[in-house]
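All values below were derived from every heavy atom in this structure, side-chain atoms included, with hydrogens, water molecules and symmetry-related copies excluded.
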Amino acid sequence: MKAIIIGVLLITATVFIVLYFNTCGTETPQETTGEILPGGTEQDVAYQPEKDEDIQRYNLEMRKRLATVRTPCDTLNLAETIINYYPKGTYLIDFDKRSTFSVPQYAVIYQNRPGGGKNIFSWVTTSRLGFIDRDRLVEPKNLIGYDASFIDLDSTALGTAFMYLFLFECDGEGNFTEIWRAPAPSHGGFNKITMENWQAKNIPFVRANFHYGQGVGHINYNYFLIDGTDKQPHLLMTYEGINFKRSITDANGDRYPDYIEYVYIDDGQRVQQIDSVTFIWQDSLYVNTRNPRQTRLF
């Protein structure tokens, strides 16, 4: 009887030791991004810039395989240039898809340069790294579309994104040069960029359109090419929703666009416009024409 008891105790102890050493080497499963690496394994790449770069290159190669016509200055070469020469966590952004089955398209606008080559206005985002204990790369899918407009409420939960309108020059042989970059104050909700013209002064500008889910409307960041294409653009923000609106105007006849801010009453039952006030550009700020102490940067 004693021998049986000792045997049972030995078996129990052995099982315990085996389980202990097996569990000691087990790590807590990490949160994953859902991205699939070329090798076919799912990894948490949000905190691993090298693996994220591998995914970007893999996805780019997939786009190259689907491309039917290639040119030295095409967007695939531009996207590869950004991967090769810009800090990790920098991405050429896609337009917001018009439907579930739309093919992703990079957010770029092409123009011919005088004397040859191309201008490429491009929407680019960067990840802010190096300011918190554990840095997280942004994911482009979290920055595009209506649902992504709510990321501004807590952008750090999914990384901190900085968005820019870039102007690149391509010399015709696939060599890209950054001419300038102009920041956008929003993090998420990107929709599209378009080339527009301010008819009052016949000045072209690039309009970056953002969804604004918090206010049931949209925001436009308008980059005016006042001093020509190669000079840093002038930024003016406009917007429109159910109870807010700001529109472009020419209030004082100079080269810079001004804007009209509309005032609404919204009591939950009705929305009514009751007033408007004009802001004009003076030196480096927009100034309220009624109250000069109230100013805006853009």
Side-chain angles (χ1 to χ4, degrees), residues 31-36 45-46 52 55-56 59-60 62-63 75 79 82 89-109 121-128 136-166 181-196 205-223 235-248 259 261-262 264 266 268-271 273 296-298:
E31 182 182 0
T32 65
T33 63
E35 299 283 1
I36 304 300
V45 299
D52 175 76
I55 290 174
Q56 302 310 315
N59 292 338
L60 180 60
M62 294 299 101
R63 290 196 178 197
T75 52
I82 290 174
T90 304
Y91 312 100
L92 181 60
I93 294 296
D94 289 330
F95 285 114
D96 187 13
K97 296 200 299 184
R98 303 269 73 82
S99 68
T100 303
F101 303 103
S102 297
V103 177
Q105 294 183 333
Y106 288 121
V108 296
I109 299 173
F121 297 94
S122 313
W123 201 253
V124 177
T125 189
T126 63
S127 304
R128 181 174 180 179
R136 189 189 197 284
L137 297 173
V138 299
E139 297 175 64
K141 67 180 182 180
N142 292 327
L143 308 174
I144 303 168
Y146 175 81
D147 291 341
S149 67
F150 295 96
I151 196 175
D152 284 347
L153 297 175
D154 188 12
S155 62
T156 58
L158 294 173
T160 301
F162 288 92
M163 290 189 167
Y164 300 88
L165 176 67
F166 275 62
R181 69 177 74 179
S186 289
H187 299 295
F190 175 71
N191 182 27
K192 62 182 178 180
I193 56 173
T194 56
M195 181 61 73
E196 309 288 344
F205 65 96
V206 178
R207 171 171 289 166
N209 178 262
F210 278 71
H211 300 285
Y212 185 59
Q214 302 170 50
V216 192
H218 64 265
I219 298 173
N220 291 322
Y221 297 106
N222 307 286
Y223 299 88
L235 174 60
L236 167 62
M237 179 175 67
T238 55
Y239 41 73
E240 186 171 1
I242 58 174
N243 58 3
F244 58 93
K245 183 178 179 181
R246 180 194 283 188
S247 60
I248 300 171
Y259 68 82
E261 185 87 40
Y262 298 88
Y264 292 84
D266 184 353
Q269 300 298 321
R270 63 191 178 97
V271 177
Q273 178 189 324
R296 301 285 186 268
L297 288 174
F298 45 82

Nearest non-hydrogen partners of [X] and [Y], listed with the distance:
X    : Y    : value
S122 : V108 : OG-CG1, 3.8 Å
V138 : G159 : CG1-C, 3.8 Å
I242 : V271 : O-CG1, 3.2 Å
L137 : G89  : CD2-CA, 3.8 Å
Y223 : A208 : CE1-CB, 4.3 Å
I151 : N142 : CD1-O, 3.6 Å

How many angstroms lie between [atom1] in [X] and [atom2] in [Y], if you round to the nearest 0.5 Å?
X    : Y    : atom1 : atom2 : result
D52  : R136 : CG    : CZ    : 10.0 Å
I82  : Y106 : CD1   : OH    : 8.5 Å
R270 : N243 : CZ    : CG    : 13.0 Å

Side-chain heavy-atom pair [X], [Y] within 4.5 angstrom cut-off:
X    : Y    : answer
M62  : L60  : no
T238 : S247 : no
N209 : T194 : no
F298 : P185 : yes

- [ ] Show your reasoning for whether side-chain contact (heavy atoms from CB on, under 4.5 Å) applies to L165 and F121.
- [x] CA-CA 7 Å; L165 176 67; F121 297 94; 4.2 Å; yes
TODO: Would you sort out whether V124 and M163 count as a side-chain contact (heavy atoms from CB on, under 4.5 Å), showing the intermediate values?
DONE: CA-CA 6 Å; V124 177; M163 290 189 167; over 6 Å; no
- [ ] Begin from the C-alpha positions of E261 and Y239 and carry the test side-chain hydrogen bond (donor to acceptor under 3.5 Å, both in side chains) through to its verdict.
- [x] CA-CA 10 Å; E261 185 87 40; Y239 41 73; 2.5 Å; yes
Task: Side-chain donor-acceptor pair present, Y221, S186, cut-off under 3.5 Å - done: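 Side chains of Y221 and S186: pair found under 3.5 Å.
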TODO: Verify whether one side chain among Y212 and E240 offers a donor that lies under 3.5 Å from an acceptor in the other.
DONE: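 On atom types as modelled, these side chains do not qualify, holding no pair under 3.5 Å.
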Open item on the list: Parallel, tilted or perpendicular, judged at 30° and 60°: which one describes the rings of F190 and W123?
Closed with: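 Plane angle under 30°, so parallel.
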TODO: Keeping the roles fixed (side chain from N222, backbone from L236), state whether a donor-acceptor pair exists under 3.5 Å.
DONE: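 Side chain of N222 to backbone of L236: a pair is present.
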TODO: Decide if atom CD of Q105 counts as having more than 12 heavy atoms of other residues, nucleotides or ligands within a radius under 6.0 Å.
DONE: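 For Q105, atom CD is not crowded (no more than 12 foreign heavy atoms under 6.0 Å).
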Task: Verdict with reasoning, Y164 to T125, per side-chain contact (heavy atoms from CB on, under 4.5 Å) - done: CA-CA 6 Å; Y164 300 88; T125 189; over 6 Å; no
Task: Derivation and outcome, side-chain contact (heavy atoms from CB on, under 4.5 Å), residues Y91 and Q56 - done: CA-CA 9 Å; Y91 312 100; Q56 302 310 315; 3.6 Å; yes
Task: Identified salt bridge (charged side-chain N to carboxylate O under 4.0 Å, His left out) counterpart of D94 within the set K141, R63, K192 - done: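 Among K141, R63, K192, the one meeting salt bridge (charged side-chain N to carboxylate O under 4.0 Å, His left out) with D94 is R63.
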Task: With H211 via side chain to side chain contact (heavy atoms under 4.5 Å, CB included) - residues at least two apart - done: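 Expected list: D96, Y146, S149, N191.
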Open item on the list: Check whether Y262 forms a cation-pi arrangement with K245 (NZ or CZ under 6.0 Å from the six-membered ring centre, at most 45° off the ring normal).
Closed with: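 Yes, cation above the ring, under 6.0 Å and within 45°.
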